[in-house]
Chemist: 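My questions will all concern the structure given below.
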Amino acid sequence: MKNQPGVVIESHKMSNSLSVLHNHLTQLSDAILDLLSTVNYTPREGSNVSTKSMLESLLSSQNFKPNPEITETQFHNSIKDFALACALLSSSQTSTHELLLWIPNELSVMATEGFKEFSRMYFGSVCGSRNEKRVCELLGLDCGLLSEEKRLVVVLMPEVLPELKGSIKESCIDKGTDGDEVSAASARAPVGFAIVAACQCRWFVSQVDYPHLGKVSNLVIPCGLTALDHWSPEVKGQGMISFIHLAKNLNAAEFGVYEDVILDACCQNIASADEIWYQVVEMSVLLVTCIQQSNPRSPWFERMLNEMLSHLERQPRNKDRRVAWLTFIEPLLHSVGLVLLAHFRRIFPLFFQWMHADDDETVLLVLKRVQTIIRLTWIRSTPYVERLVDELVVLYKEAALKKAREEIRKHVLEILVLLHHCKGLQFEATWEKHRDDPNLTTLSSSLREIYCE
């Protein structure tokens, strides 16, 4: 009985702390709601999802009305709703989807700053410190190394991410027992809810980075995979951005038992719509090089490269696809190394076509990737040397009419020098037919100068 007064005092302190924190949270929520109420928003005709209504519900007075007797569970639910609202508003800064496009930057900034302000106050309280200790012990994470807002994200993740995963899954394609697609669940859950949940999930994931993200990877990865498995390009795109962040902030071991599932999801999504091809290429290259970095003969490299090349071969004139691939493929080329020789018969025909593209961006990217491949493989055992020299000569002449003329010609010269170093007599025999071309006088002179050095 001697300890009872102390217990009562501690309970009273906790109650006062919750009440003060809740009042502060209410003020922050009210400020966001006041600004939100001034923003014009008309959902697209036929849309059955109102982002503004969702935000108003999360920030509603029902959750945030003054309550001196508030319980810890009630308070925690209020924090979760506030965080989800802030995540959605903050996500609008990097989204162009109509569900978020209407959100003004001023409102997004207010939500971001409000979340930071509450986080600082929360972790200065008994309640916040206790919850942080409990979650960090569960995850095996030292939250003391994180800023307050990142710590609050980690504390909320075990509860928030499974809920967001469930929201995304509600409008996924249902599959039968044999794996065939049988029906769209969107009849019972509009896809807009999945898009919003995917944006919120991506926001939560992006708040934590290396080396702390690895401790919550088992929470993050299932949510991201559910997004990748969705039929909506917008949902897939958010999942891809999440996995790009994971690839940059996890080591191979931290992907754990999900390695093959993730890489299979990458391959399955290579056929994605044009608007997310940029993300799927970046995601796939980063993930396969991270997870399989020490195994250049991994079948995942083979499968992924073949999938990408197949889609590029079907649409070689699609500028967005070829630029995305040429921009992000470099790490994969380095990881594969000499094994690239097995893919020359598919890579070089595309390169030869792209060298003469109308846009300078494609041409310069192709020339850079050609240099990389030559350095990695020394372009041995291949019939493409003579054809490559011929195409480079044509490009050198074509460059006279291009804006990036000098840069293109510089890269052409560098590639020819590389070919001379690695192919020697074969290169000289091929170059012989171009040596006296009057349009190549400057190029021939530059090559002679380099040979003589």
Chemist: With heavy-atom distances below 4.5 Å as the criterion, would you say the side chains of Ser232 and Ile195 are in contact?
Modeler: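 They are in contact (side-chain heavy atoms under 4.5 Å apart), so the answer is yes.
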Chemist: Considering non-hydrogen atoms only, spot the tightest contact between Gly114 and Leu28 and give its length.
Modeler: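 Closest heavy-atom pair between Gly114 and Leu28: O-CD1, 3.6 Å.
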Chemist: Is a salt bridge present between Glu313 and Arg346, judged by a nitrogen-to-oxygen distance below 4.0 Å?
Modeler: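 Counted as a salt bridge, because a side-chain N and a carboxylate O are separated by less than 4.0 Å.
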Chemist: Would you check if Leu164 and Leu84 make a side-chain contact, meaning some heavy-atom pair closer than 4.5 Å?
Modeler: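 Yes, side chains in contact.
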Chemist: Using side-chain heavy atoms (C-beta onward) and a distance below 4.5 Å, is Tyr278 in contact with Asp320?
Modeler: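 Of all side-chain heavy-atom pairs linking Asp320 with Tyr278, none is under 4.5 Å.
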Chemist: Work out which heavy atom in Ile168 is nearest to a heavy atom in Ala197; give both atom names and the distance.
Modeler: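 So the two residues come closest at CG1-CB, 3.8 Å.
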Chemist: With heavy-atom distances below 4.5 Å as the criterion, would you say the side chains of Val336 and Leu376 are in contact?
Modeler: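 No; the side chains remain at least 4.5 Å from each other.
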Chemist: Can you confirm whether the side chains of Trp300 and Asp264 place a donor and an acceptor under 3.5 Å from each other?
Modeler: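 The criterion, which ignores hydrogens and geometry beyond distance, is not satisfied for Asp264 and Trp300.
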Chemist: Determine, step by step, whether Lys319 and Asp274 satisfy the salt bridge (Lys or Arg N to Asp or Glu O under 4.0 Å) criterion, reporting the C-alpha distance in whole Å, the side-chain angles of both residues, the deciding distance to 0.1 Å, and the verdict.
Modeler: CA-CA 10 Å; Lys319 178 186 172 183; Asp274 284 353; over 6 Å; no
Chemist: Should Leu388 and Ile379 count as side-chain neighbours, where that means a heavy-atom distance under 4.5 Å?
Modeler: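 Result yes, sub-4.5 Å side-chain heavy-atom pair found.
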Chemist: Taking the side chain as every heavy atom from C-beta outward, state whether Trp354 and Leu326 have any atom pair closer than 4.5 Å.
Modeler: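 They are in contact (side-chain heavy atoms under 4.5 Å apart), so the answer is yes.
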Chemist: Any salt bridge linking Glu170 with Lys165? Criterion: basic side-chain nitrogen under 4.0 Å from a carboxylate oxygen.
Modeler: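 The answer is no: the pair does not qualify as a salt bridge.
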Chemist: Quick check: closest heavy atoms across Met157 and Pro162, and the distance to 0.1 Å?
Modeler: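 So the minimum-distance heavy-atom pair works out to O-CD, 3.6 Å.
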Chemist: Rounded at 0.5 Å granularity, tell me how far CG in Leu246 sits from CG in Leu287.
Modeler: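 Reported value, rounded in 0.5 Å steps: 7.5 Å.
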Chemist: Given side-chain hydrogen bond (donor to acceptor under 3.5 Å, both in side chains), test Glu307 with Ser310 step by step and report yes or no.
Modeler: CA-CA 5 Å; Glu307 290 279 354; Ser310 293; 5.9 Å; no
Chemist: How about Arg202 and Ser242: does a side-chain donor come under 3.5 Å of a side-chain acceptor?
Modeler: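 No pair is found: no donor N or O on one side chain lies under 3.5 Å from an acceptor on the other.
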Chemist: Please check if atom CD in Glu275 has more than 12 non-hydrogen atoms from other residues, nucleotides or ligands closer than 6.0 Å.
Modeler: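 Yes.
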Chemist: Do the ring centers of Phe328 and Trp277 come within less than 6.0 Å of each other?
Modeler: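 Aromatic pair excluded; centres sit 6.0 Å or further apart.
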Chemist: In terms of side-chain heavy atoms, does Asn105 have a donor or acceptor partner in Ser108 at a distance below 3.5 Å?
Modeler: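 Per modelled atom types, Asn105 and Ser108 side chains form no pair under 3.5 Å.
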Chemist: Can you list the steps and then say if His24 with Glu117 is a side-chain hydrogen bond (donor to acceptor under 3.5 Å, both in side chains)?
Modeler: CA-CA 10 Å; His24 186 65; Glu117 182 179 338; 3.3 Å; yes
Chemist: Run Thr362 and Asp359 through side-chain hydrogen bond (donor to acceptor under 3.5 Å, both in side chains) and show every step you take.
Modeler: CA-CA 6 Å; Thr362 295; Asp359 62 294; 2.6 Å; yes
Chemist: Salt bridge or not for Glu254 and Lys215, using N-O below 4.0 Å?
Modeler: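 No.
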Chemist: Of the non-hydrogen atoms in Ile408 and Val363, which two are nearest, and what is the gap between them?
Modeler: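 Here Ile408 and Val363 meet closest at CD1-CG1, 3.9 Å.
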Chemist: How many angstroms lie between atom CG of Leu228 and atom NZ of Lys236, to the nearest 0.5 angstrom?
Modeler: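 The NZ atom of Lys236 is 6.5 Å from CG of Leu228, to the nearest 0.5 Å.
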Chemist: Checking side-chain polar atoms at under 3.5 Å, does Asn131 have a donor or acceptor matched by the opposite partner on Tyr122?
Modeler: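 Looking only at side-chain atoms, Tyr122 and Asn131 do form a donor-acceptor pair, the distance falling under 3.5 Å.
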Chemist: Between atom CD1 of Ile79 and atom CZ of Phe118, what is the distance when rounded to the nearest 0.5 Å?
Modeler: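 Here the rounded value is 4.0 Å.
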Chemist: Do the side-chain N and O atoms of Glu159 and His76 include a donor-acceptor pair separated by under 3.5 angstrom?
Modeler: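 Side chains of Glu159 and His76: pair found under 3.5 Å.
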Chemist: To the nearest 0.5 angstrom, please state how far the NE2 atom of His311 sits from the CD1 atom of Ile270.
Modeler: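 Answer for the NE2-CD1 pair, His311 versus Ile270, is 7.0 Å.
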Chemist: Should the heavy atoms of other residues, nucleotides or ligands under 6.0 Å from OH of Tyr210 be counted, would the total exceed 12?
Modeler: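 Open.
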Chemist: Which word best sums up how the rings of Tyr384 and Phe348 line up, parallel for under 30°, tilted for 30 to 60°, or perpendicular for over 60°?
Modeler: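 Tyr384 vs Phe348 ring planes: parallel.
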Chemist: Before accepting this row, confirm whether a basic side-chain N of the pair Asp358/Lys402 lies closer than 4.0 Å to the acidic partner's carboxylate O.
Modeler: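 A salt bridge is absent here (no side-chain N lies under 4.0 Å from a carboxylate O).
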Chemist: Do the non-hydrogen side-chain atoms of Cys199 and Leu100 ever get within less than 4.5 Å of each other?
Modeler: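 Yes, close enough: below the 4.5 Å cut-off.
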Chemist: Enter the distance from Glu330:CD to Thr289:OG1 here, rounded to the nearest 0.5 Å.
Modeler: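 Between atom CD of Glu330 and atom OG1 of Thr289 there are 11.5 Å.
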Chemist: Ser119 vs Glu149, test: side-chain hydrogen bond (donor to acceptor under 3.5 Å, both in side chains). Steps then yes/no.
Modeler: CA-CA 5 Å; Ser119 300; Glu149 63 268 22; 5.4 Å; no
Chemist: Could you grab the distance from atom CG of Leu18 to atom CG of Asn23, nearest 0.5 Å is fine?
Modeler: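 Reported to 0.5 Å precision, the distance equals 11.0 Å.
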Chemist: Evaluate the side-chain proximity of Lys80 to Glu163: yes if any heavy-atom separation is below 4.5 Å, no if none is.
Modeler: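 Yes, side chains in contact.
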Chemist: Looking only at side-chain N and O atoms, does Glu302 offer a donor or acceptor that is under 3.5 Å from a partner on Asn306?
Modeler: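 A pair is found: one side chain offers a donor N or O, the other an acceptor, under 3.5 Å apart.
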Chemist: According to the interplanar angle, ranging from 0 to 90°, do the rings of Phe115 and Phe82 count as parallel (below 30°), tilted (30 to 60°) or perpendicular (above 60°)?
Modeler: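 If you compare the ring of Phe115 with that of Phe82, the planes turn out parallel.
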Chemist: Would His230 and Ser171 count as having a side-chain donor-acceptor pair, cut-off 3.5 Å?
Modeler: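 Yes, a side-chain donor-acceptor pair sits under 3.5 Å.
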Chemist: Run Glu414 and Lys368 through salt bridge (Lys or Arg N to Asp or Glu O under 4.0 Å) and show every step you take.
Modeler: CA-CA 10 Å; Glu414 290 172 351; Lys368 291 174 183 177; over 6 Å; no
Chemist: Heavy atoms only: give me the nearest Leu350-Pro316 pair and the separation to one decimal.
Modeler: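 It is CD2-CB, 4.2 Å.
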